[in-house]
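Since this is a predicted model, take the numbers as computed values, not measurements.
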Amino acid sequence: ECLVGSEMCIRDRGLYYYNKNIKVDFYVPDEGLAVQASYQMSDGETIEREVKALVALHGLHPLKRAMIITYEDEGEIVRDGLRIEIKPAWKWVLEGL
């Protein structure tokens, strides 16, 4: 979380932590962007927790982009019409948001 938060601050985002019964690590309302930070996505419980929070936020505030930043996992999940990108932190930092 620290790396992701630091990088988003460096990029000068209007950054918020969303926690109104939904825990989303980073939320940028002006961009419709939500980001979760998770070390790995290897077990079903972690995947469900991270995805569920993003989908719940999307239900309240439609998102243009949803991401889960991990140590090394990469992929994509589509749930309830929301496309969630999964990227390793090193790639996310090098590519920029």
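Annotation: the span from Lys23 atom NZ to Arg49 atom CZ amounts to 7.5 Å, rounded to 0.5 Å. Between Leu57 atom CG and Leu63 atom CG the span is 5.0 Å, to the nearest 0.5 Å. Rounding to the nearest 0.5 Å places CD1 of Ile86 at 7.0 Å from CD1 of Ile47. Taken to the nearest 0.5 Å, the CG atom of Leu82 stands 5.0 Å off from the NE2 atom of His58.
Counting all heavy atoms, side chain and backbone alike, Ala53 lies closest to Val24 at O-CG2, 3.8 Å. In terms of heavy atoms, Arg79 sits closest to Val55 at CG-CG2, 3.7 Å. The minimum heavy-atom distance linking Ala89 with Ile69 is given by the pair CA-CG2, 3.6 Å. Met41 and Thr70 get closest at one heavy-atom pair: CG-CG2, 3.6 Å. Heavy atoms only, all atoms of each residue included: Ala37 and Asp25 are closest at N-OD2, 2.8 Å.
A salt bridge is defined here as a Lys NZ or Arg NE, NH1 or NH2 lying under 4.0 Å from an Asp or Glu carboxylate O, and Glu31 with Arg65 fails to meet this definition.
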Run the side-chain contact (heavy atoms from CB on, under 4.5 Å) test on Ile68 and Val51 for me, step by step, so that the C-alpha distance in whole Å, both residues' side-chain angles and the decisive distance to 0.1 Å come before the verdict. CA-CA 8 Å; Ile68 301 173; Val51 169; 4.2 Å; yes
Carefully, step by step, assess Gln40 and Thr46 under the rule side-chain contact (heavy atoms from CB on, under 4.5 Å). CA-CA 8 Å; Gln40 60 186 7; Thr46 301; over 6 Å; no
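Under the salt bridge (Lys or Arg N to Asp or Glu O under 4.0 Å) criterion, the residue pairs touching residues 67-77 are Glu74-Lys91, Glu76-Arg83, with sequence neighbours excluded.
When hydrophobic residues (I, L, V, M, F, W, Y) are linked wherever their side-chain heavy atoms come within less than 4.5 Å, the members clustered with Tyr39 are Tyr71.
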